[in-house]
Amino acid sequence: MAQALNAALRDEMRADPMVHLLGEDVGALGGVFRITDGLTAEFGADRCLDTPLAEAGILGTAIGMAMYGLRPVVEMQFDAFAYPAMEQLVSHVAKMRNRTAGRLALPITVRIPYGGGIGGVEHHSDSSEAYYASTPGLHVVTPATVDDAYGLLRASIASDDPVIFLEPKRLYWSKAELNTSAATEPIGRAVLRRPGNSAVLITYGPSLPVCLEAAEAAKAEGWDLAVLDLRSLVPFDDATVAEVVRSVGRAVVVHESTGFGGIGAEIAARVTERCFHHLAAPVLRVTGFDIPYPPPMLEHHHLPGVDRILDAVAKLQWED
Amino acid sequence: MTVLDHRPTTPVPPWLPDATGPRTDPAPLLPDHTPVRVLGTPALAKYDPELLRDLYRRLVIGRRYNQQATTLTKQGRLAVYPSSTGQEACEVAAATVLRAEDWLFPSYRDTLAVVGRGVDPLAALTLLRGSAHTGYDPLATRTAPLCTPLATQAPHAVGLAHAARLRGESVVALAMLGDGGTSEGDFHEALNFAAVLNAPVVFLVQNNGYAISVPLTKQSAAPSLAHKAVGYGMPGRLVDGNDAVAVHEVLAEAMDRARNGGGPTLVEALTYRLDAHTNADDATRYRESEEVEAWREHDPLTLMERHLRAAGVLDDALVAQATEQAEALAATMRAEFHAEPELDPLSLFQHVYAEPTPQLREQAEQLAAELAAEAGA
Ligand SMILES: Cc1ncc(C[n+]2csc(CCOP(=O)(O)OP(=O)(O)O)c2C)c(N)n1
C-alpha cells in the first residue's frame, strides 16, 4: 500500500504542476513511512518541501498556498501529531469555502497515517476520524486496499474540497498487485467487499482485513457474513449502507477507534432511522475501548479482533 | 595525558557554532529602540504632498467610519464593532502600501484597511453585522476574510506569498495582527516559516497596548514585540503607529524589501486603542482615563492635521473636503443599515462543499419544507 500511495502522489504531481507536497521529513528521507520516497529527486525541493517542525505552520502555510492556486498535499507525521494543526483545520481549512460564499476553495489533501496495531508507543496509534468527520467542510476518506490507496488518493488530490486522507498504518505493508487503470471513483461510495446474507459487517480502513477474516471464520458457524467497506466517512454513503442492511437485516459496525461518540454510533443511528422495519436485531458496534490508546504490549486487547466480531454476530441471532 | 591533550583531536560537532560559524549577525536585524517618526521632523519635507494629503483624507474618512459603525452597534444595526479609533494611521498606511497584485490578511479590527484597499465599505461589515461571513470576493480584491481566531491568518500570508513566488509572480502579503496575537503559536510558526522560506511577507503588529483587558506587560516580556523578529532571522522595525507617514514609510520599505527578494519583516507599530475593545467591552475596568486622555494628545488625526498645516500641505478647503467625503460615507452607511438585509435561509447549505453531500441535500429539503409550511400557515 505504501508504494501505491507513493505512485498516486507521483502520478498526480506529474499530471498537475500545481500539486505541491509539504511536511516534516518528506524530502530526502521520503517521510518516516517512505510515502514520499523519491519525489524530491523527481520534482525538486520546492514541490516536495521539507518544512520546519510545526503542524499549524505547515497546514496554515498550505492554506495560503491553496489560496494562490496550488494544490497542497500535507503530510502529518503521525495521527496524534496532527492535533497542533486542529485550529487551522477546523477554523480555516474546513470553513474557507463557506466563509467566502464559495469564492475561495481550498483543495488541500491532509494525509494522516492513523491507527494502531504496529506496536507504536504512545501518541503513535490514535484513530482521530470522529474529530474530522464531525467537522463540516472536510471530506474524510480512508482506503483499506492497495487499489483504493491509489485511487482514493488521486481522487482526493483532484478534489476541489479539502480531504482528510487517513492512511491505515498497519496496512502500509499490505501487498497486492496495483491496478492503476481502474477508473478513479468519486469520493463518497461504499463498496461491498464480500456478499453474504446472515449479517453485514460495516467497516473501513484498518478493520477491513479483520472483518474479512471474521467473515471467513464465521462460515464454520454457518453464518454467511457480508462485509461493507465504507471508504469514505464524509460524504457518507447512506444509500449503499441502507440497501445492504435492508437486504441482510442485521448489521455490526466495526472500527478500532473508541466507541463513545464515534463513527459507529453515527452509523447505528442512521441505519436505525432508515432501516428500522428491515432490522431483525439492533445494530451492534464492535469498537476499541473508550480509553486512551494503550501501550503497545496491551494494544491487542483494545483492537477489535475476529473473536469479538463473531461474539457480536452471535448476539444478533437471538430473534428470528 | 591530560584532558587538555585530547582537545585538538576531538572533532568539533558540526552543530556547534564553532564549526559552522554564526548563521546571521543579529545586530542588523535588531529594531531601533526609538520608534521611527516623521511628523514633526525635518524628514516630512521630502514627502510628496499628494501622498500626505491622501493619507490625511483617509484618516478623516476612517475616523468617521469608526464612529458611524460604533453608533450602528448602539442602535443594534451592527452586531459588534471592534473600533480602530486611535489606530487609523496603521490602517490607512497598510492600505496605501499595498499594490493591486498584493494580498492583505486582516484581523477583525482591520475593517478600515480592508476598505482602504478598495473593498466596498458596506460589504466589509457583513461579518460584524452578522449577515454573512465575508461580504466581499477575496480573490477579486486580493483581501483575505477578516480573521477572528488570533494570528491564524499569519501562516496563510506566508503560504500565499511563498506560492506566488513559486509561480514567478511578484506579490507581497501583508498580515495584520494585534499585540495579544503575538503570543499565539501560529504567530511564531508563521514568522519561522516566513524566514526559512524567505517568503515575501510583511507582518504588521498594531500594538495598541491591550489584548481586551490585558496590558502588554502581561503579554510579553520582550524588550519590544519587534525584537521577536530577530530570533527567527528577520529584521524587526519599531514605528510610531500614530504617525501615518512613518507607518507608511516603514511598511513601504519592508514591502519593497520583500518584493525584491529580501524576505520578511516584522513591524511593530506603537499605537493606542482609544475606544473599548469592542462596543461590548467596559474599558474602565482595566485602564485609567488619564492614560486614555494622554494618548488623545497623540491622536493620529490631530497630529497629522497639525503637522501638515504647519508644513503648508493642508488648508481649510482640503479639511472641509475630506470631512464632506467622510459625512457622505457615514450617510450611506446609515441608509444601508437602516434596511433589513435580505437573507436566504437555504443559502445555509451552499458552499459547504463543492457538491453538497447527500446528508446536506436532505437537510436542505427539511428546511425548505419547514419554510414552505411557515409560509402556508
Ligand atoms: C485564538 C483566539 N483566542 C482568543 C480569542 C478571543 N479574543 C478576541 S480579541 C482578543 C484580544 C486580542 O488582542 P490583540 O491581539 O492585542 O488585538 P486587538 O484586539 O487589541 O486589536 C481575544 C483574546 C480569539 N479571537 N482567538
Side-chain angles (χ1 to χ4, degrees), chain A residues 17-18 20 22 46-47 49-70 72 84-85 87-88 90-92 94-108 136-139 159-162 186-188 232 234-239 270, chain B residues 103 105 126-127 132-140 144-167 169 171 173 175 184-186 188-197 199 201 347-348 350-360 362:
Chain A
M18 292 301 133
H20 281 61
L22 64 162
D46 275 343
R47 287 195 61 200
L49 181 72
D50 265 334
T51 63
L53 250 164
E55 290 74 17
I58 295 169
L59 192 54
T61 301
I63 291 172
M65 291 164 73
M67 287 171 79
Y68 210 78
L70 303 188
E87 189 189 14
Q88 288 292 346
V90 173
S91 297
H92 295 299
K95 291 180 183 161
M96 192 66 88
R97 176 188 288 279
N98 190 254
R99 291 172 70 210
T100 62
R103 291 165 191 125
L104 212 60
L106 297 179
I108 299 174
L138 303 176
H139 288 309
S159 166
D160 286 332
D161 282 318
I187 289 170
S232 165
V234 183
F236 185 78
D237 190 351
D238 276 311
R270 304 186 83 82
Chain B
W103 268 79
F105 287 82
T126 58
L127 172 80
H133 295 314
T134 305
Y136 49 90
D137 183 344
L139 286 174
L146 291 164
C147 187
T148 322
L150 293 168
T152 53
Q153 77 277 25
H156 307 175
V158 177
L160 182 132
H162 174 64
R165 207 168 41 125
L166 288 179
R167 299 186 69 172
E169 288 170 30
V171 168
E184 290 280 358
D186 283 56
H188 296 274
E189 297 191 19
L191 255 61
N192 192 45
F193 269 68
V196 169
L197 296 171
V201 53
S347 70
L348 288 177
Q350 288 168 2
H351 310 306
V352 181
Y353 299 96
E355 283 294 319
T357 59
Q359 291 74 32
L360 283 181
E362 267 177 37

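Chain identifiers are assigned alphabetically (A, B, ...) following the order of the sequence lines, protein sequences preceding nucleic acid strands; residue numbering begins at 1 within each chain. None of the values given here were measured: they were computed from a predicted structure.
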**Asked** So which part of A:Leu53 gets closer than 4.5 Å to some heavy atom of chain B, the side chain, the backbone, both or neither?
**Response** neither
**Request:** Give the minimum heavy-atom separation between B:Pro149 and A:His92, together with the two atoms involved.
**Result:** CG-NE2, 4.1 Å
**Request:** Check whether B:Val196 gets within reach of chain A through its side chain, its backbone, both or neither, counting any heavy atom under 4.5 Å.
**Result:** side chain
**Distance, nearest 0.5 Å, that separates CG of B:Leu150 from CD of A:Glu87** = 8.5 Å
**Prompt:** Can you say whether B:Ala354 sits under 4.5 Å from chain A via the side chain, the backbone, both, or neither, judging by heavy atoms?
**Reply:** both
**Message:** Which atoms of B:Asp186 are under 4.5 Å from chain A, going by heavy atoms: the side chain, the backbone, both sets, or neither?
**Reply:** side chain
**Asked** In terms of heavy-atom proximity below 4.5 Å to chain B, should A:Arg270 be classed as side chain, backbone, both, or neither?
**Response** side chain
**Asked** Given that the side chain runs from C-beta out, which part of A:Thr100 has a heavy atom under 4.5 Å from chain B: side chain, backbone, both or neither?
**Response** both
**Asked** How far apart are the C-alpha atoms of B:Leu166 and A:His20, what are their side-chain angles, what is the distance that settles it, and do they pass the side chain to side chain contact (heavy atoms under 4.5 Å, CB included) test?
**Response** CA-CA 11 Å; B:Leu166 288 179; A:His20 281 61; 3.7 Å; yes
Identify every side-chain donor-acceptor pair in residues 59-67 of chain A under 3.5 Å, counting partners at least two apart or on other chains, and give the distances.
from    : atom 1 : to      : atom 2 : distance (Å)
A:Thr61 : OG1    : A:Gly57 : O      : 2.6

**Asked** For B:Leu191, is it the side chain, the backbone, both, or neither that has a heavy atom closer than 4.5 Å to a heavy atom of chain A?
**Response** neither
**Request:** Ignoring hydrogens and angles, tell me if any N or O in the side chain of A:Gln88 forms a donor-acceptor pair with the backbone of B:Thr152 under 3.5 Å.
**Result:** yes
**Asked** Which bit of A:Ala101 is near chain B, if near means a heavy-atom gap under 4.5 Å: side chain, backbone, both or neither?
**Response** both
**Asked** chain A heavy atoms under 4.5 Å from B:Leu197: which part of the residue, side chain, backbone, both or neither?
**Response** side chain
**Request:** Check whether B:Ala164 gets within reach of chain A through its side chain, its backbone, both or neither, counting any heavy atom under 4.5 Å.
**Result:** both
